[in-house]
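Working notes, beginning with the structure itself.
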Amino acid sequence: MKSFTLSSDSAPKPSFLDGLNPQQKEAVTHTDGPLLIVAGAGSGKTRVLTFRIAYLLQQFKAAPQEILALTFTNKAAREMKERIVKLIGDSAHQLWMGTFHSVFSRILRVEAQALGFGKDFTIYDTSDAETLIKQILQELNYDPKQIKPRTIQYKISDAKNQLVTPELFSKKFIGSTLDDITAKVYKIYKQRLKESNAMDFDDLLVLPIQLFEEDPDILEKYQDRFRYVLIDEYQDTNHAQYKVTQLLSQKHRNLCVVGDDAQSIYSFRGADISNILNFQNDYSDAHQVPLEQNYRSTKSILKCADSIIKKNEKQLEKTLWTEKDYGEPITLLENYDERDEANRVAQYIQKIKGQDGINFNDFAVLYRTNYQSRVLEEAFRRHKIDYQLIGGLSFYQRKEIKDVLAYLKLLVNPYDETNLIRIINEPSRGIGQKSINDIRTSARQDGIKVWDLLEQVEETTIYRPAKQRIREFVDMMNGFRESLQAQASLHQLTRELLDKSGYMKMLLDEQSHESLMRRENILEFINAISYYEKQQKNPSLSAFLQEISLITDSDKFDENKPAVTLMTVHGSKGLEFPVVFVVGLEENLFPVGAKEGFDVDIEEERRLFYVAITRAQERLYFSHCSSRFKYGEEQRQMRSRFIDEVDASVVRTETGATIRQRSDRFLSTNTSNDHTRPTRSSTKSSSSGTIEYDIPSAGPSYKSYSSLGKIDYDLHEGNDPFVVGAQVVHQKFGIGKIMSRTGSGSQTKVVVFFKDRGQKKLMLQAAPLSIID
DNA sequence: GTGCTCCATTTTTTT
DNA sequence: AATGGAGCAC
């Protein structure tokens, strides 16, 4: 229906567009046809999107429910919607806004039947999917040590995002054993998901495409429903996302994409930068609007960002500029280790907070990997700094929550085998691994679902004592399923379920700090259900479960909470803070080091660094350590090459000195140095009682502790050829490359990446290694 | 079938 | 440092 109203009091005034610069105005008012907005960092992109949608509504181009806006997080969608509500009125609540995954899961709920799924399908997160793949590999008798489920999972996910079906996969990729295995697993995996009435994250994108291609009527229905399609963060869409939006918009051709190729940082999950680079090839009549004025950062910060991104080869032409002043220079913090680093950051936060009169929520600390947050948290607690941690192990991934969820998912969908197996013996009720395996094999042989076999367990040859337990379990679940259908209160039902299943008792009996935490988490989860029930007009367990499957970490970021934000650089996309610390700027951390099956895409790492820099409004700090605990062991760290790449004119050390950079860092033997040696802030020694750098080394010139990160080179000068980067051959493992080196003298260990065997850690003294020239 | 201890492996990044 | 799996004793 096209009828909708604008509430007169909040309708846009004539001055609606006045606050926009000419480029922004153009992006807002160019309503029809394909449009590419190349929005540099901090160029007011969200504002443009918001106004653009408001403008479409105001100009009666479309009703709210005819506009589809795909954002990167649910939070972004929510906020944008609220802003539009303020401009246009309550009708804006009808807009279709959300992440790709949440919007299409909503559509799939309606159309599931056409695809042979039930409406109450379960969404498998990455760990559910991994469990299933592990299970399949086991059934196929592969050793999980040799064939890592994770590897297969990545390959399948890649295939899905490229819209490669199992059939196509087995035709296309033959020869390599890994591909052969993937082909087999992929085929079974897909069947299993369907039998379990479950979809993984990729399916939420791929299945709509399948649906639209198989059924032109359904496609047309959605083409007509979504007369205007907008996509934010277009540089991070993958092929499936590209395809599905292309299908949706090809009738009305009102596709507006916004993005910045310089900020493309998700290629590891299939994001394809060429989507944005080729937009104008795909749509020859596409209009392009660049947003180049930056409203966020000082000139120093912008200059720094620009100098970094210029090191990359391919990018769309654009130059960001700002009217702001240079502001403060960027400060480089040089630390001994990560504890030192965390303390220094904490001290700076307190100092700046007092000096500038700003709040904790004006600060963010950004890092490359989640595990770096731990030391920061400790330091912040010591310094009485409130913080909010975004990311890492999220609430919904905790074991106890996943368990409760498994029970609930099983109520909604009895065929969800992965979750059934997860909790059939949790708490233990005498149904052990043997019985479970028997049940699965037997069900597979009879060609029936596991749940259906359990329903008639008496007729099977399952281990006798287990039968009784299974019967009780099945009856219990069926009982709850009935109350669910009878519209029982959800949170109450959950409580009873946890009670009757013995799950709560199990935690109560445990009497540990751990189990107390788990119980608290579960109570918090029940509160979340209550809240959902209250707030929803017609709440359903199934909808609730689907919704929380798609909650993202950044959705819980609260900019008004008076706390310092700790998050990964990935998580910080789209956000801004007056003061930003980028920590852990070290080789093999940021940029990350190579791993088996994964080459480092250095350009992407550089874009990631670019994203980190451009989060900052006023002050920016870079930080690195010369030593860091990794794998529970102290490791030497080399300063990140990125510090050598930035425009040095805007960076100062803590003492205000200009920073020294090496342009020929990988050749240099120069040991001159104008740094002072960082001091240890604590002398906690390892259990062996040794501190590496204090031990006289066998190699020459070790003690000439020169500029940070140079140690590795000095160490390996002279007659020791086993330097980082050297090609080596091992008697058993074959050809490899030295990735890192720790310890000294007879304790020297090297991590070698072998072409055929992956990464191994070896004692240099003992390993049969020799150098290849 | 359960539960404990020892060990190996992990640490990109996320919907 | 922390988790999960394998192997072993009960």
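The basis for the numbers below is simple: all heavy atoms, side chains too, and nothing from hydrogens, waters or symmetry mates. Numbered from 1 within each chain, the chains take letters A, B, ... in sequence-line order.
- Contacts of K134(A) with the nucleic acid, taken as non-hydrogen atoms under 4.0 Å apart, involve only primed sugar atoms and P, OP1 or OP2.
- Taking the six-membered ring where the residue is Trp, the centroids of F590(A) and H624(A) are separated by 6.0 Å or more.
- One N or O on the side chain of N425(A) and one on the backbone of R429(A) form a donor-acceptor pair closer than 3.5 Å.
- Ranked by how close their nearest DNA chain B nucleotide is to the 5' end, R150(A) and R469(A) are led by R469(A).
- At least one side-chain nitrogen or oxygen of K148(A) sits closer than 4.0 Å to the OP1 or OP2 atom of dT10(B).
- Straight-line distance from the CD atom of Q138(A) to the C1' atom of dG5(C): 11 Å, rounded to whole Å.
- If you take CG of N425(A) and C1' of dG3(B), they are 12 Å apart, rounded to a whole angstrom.
- In this structure, the CD atom of E426(A) is 12 Å from the C1' atom of dT2(B), given to the nearest Å.
- With sequence neighbours left out, K190(A) forms a salt bridge (charged side-chain N to carboxylate O under 4.0 Å, His left out) with no residue at all.
- Candidate nucleotides dG1(B), dG3(B), dA2(C) were compared by shortest atom distance to the side chain of S428(A), and dG3(B) ranks first.
- Atom pair K434(A):NZ and dT2(B):C1' shows a separation of 16 Å (rounding to whole Å applied).
- For R398(A), the CZ atom is densely surrounded, since the number of other residues' heavy atoms within 6.0 Å is greater than 12.
- Proximity of the aromatic rings of F201(A) and F104(A) is defined here by a centroid distance below 6.0 angstrom, and this criterion is not met.
- E338(A) has its CD atom 11 Å from the C1' atom of dA1(C), to the nearest Å.
- The nearest whole Å value for the distance from the CD atom in E634(A) to the C1' atom in dA1(C) is 15 Å.
- To the nearest angstrom, P of dA8(B) lies 14 Å from CG of D143(A).
- For T46(A), the side-chain contact (heavy atoms from CB on, under 4.5 Å) test picks out T50(A), M80(A), R83(A), with sequence neighbours left out.
- Proximity of a side-chain donor or acceptor of D125(A) to a complementary backbone N or O of D128(A) within less than 3.5 Å is detected.
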Polar pairs (N or O, both sides) under 3.5 Å between protein and nucleotides 12-15 of chain B?
{"unit_1": "dT12(B)", "atom_1": "OP1", "unit_2": "K595(A)", "atom_2": "NZ", "d": "3.0"}
{"unit_1": "dT12(B)", "atom_1": "O2", "unit_2": "R368(A)", "atom_2": "NH1", "d": "2.9"}
{"unit_1": "dT12(B)", "atom_1": "O2", "unit_2": "R368(A)", "atom_2": "NH2", "d": "2.1"}
{"unit_1": "dT13(B)", "atom_1": "OP1", "unit_2": "N370(A)", "atom_2": "N", "d": "2.5"}
{"unit_1": "dT13(B)", "atom_1": "O4'", "unit_2": "R368(A)", "atom_2": "NH1", "d": "3.3"}
{"unit_1": "dT13(B)", "atom_1": "O2", "unit_2": "R368(A)", "atom_2": "NH2", "d": "3.2"}
{"unit_1": "dT13(B)", "atom_1": "O2", "unit_2": "H570(A)", "atom_2": "NE2", "d": "3.4"}
{"unit_1": "dT14(B)", "atom_1": "OP1", "unit_2": "T568(A)", "atom_2": "OG1", "d": "3.2"}
{"unit_1": "dT14(B)", "atom_1": "OP2", "unit_2": "N370(A)", "atom_2": "ND2", "d": "3.3"}
{"unit_1": "dT15(B)", "atom_1": "O4'", "unit_2": "R269(A)", "atom_2": "NH1", "d": "3.4"}
{"unit_1": "dT15(B)", "atom_1": "O3'", "unit_2": "H101(A)", "atom_2": "ND1", "d": "3.1"}
{"unit_1": "dT15(B)", "atom_1": "O2", "unit_2": "H101(A)", "atom_2": "NE2", "d": "3.2"}
{"unit_1": "dT15(B)", "atom_1": "O4", "unit_2": "T126(A)", "atom_2": "OG1", "d": "3.0"}

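- Rounded to an integer number of Å, the gap from CD of Q372(A) to C1' of dA1(C) is 15 Å.
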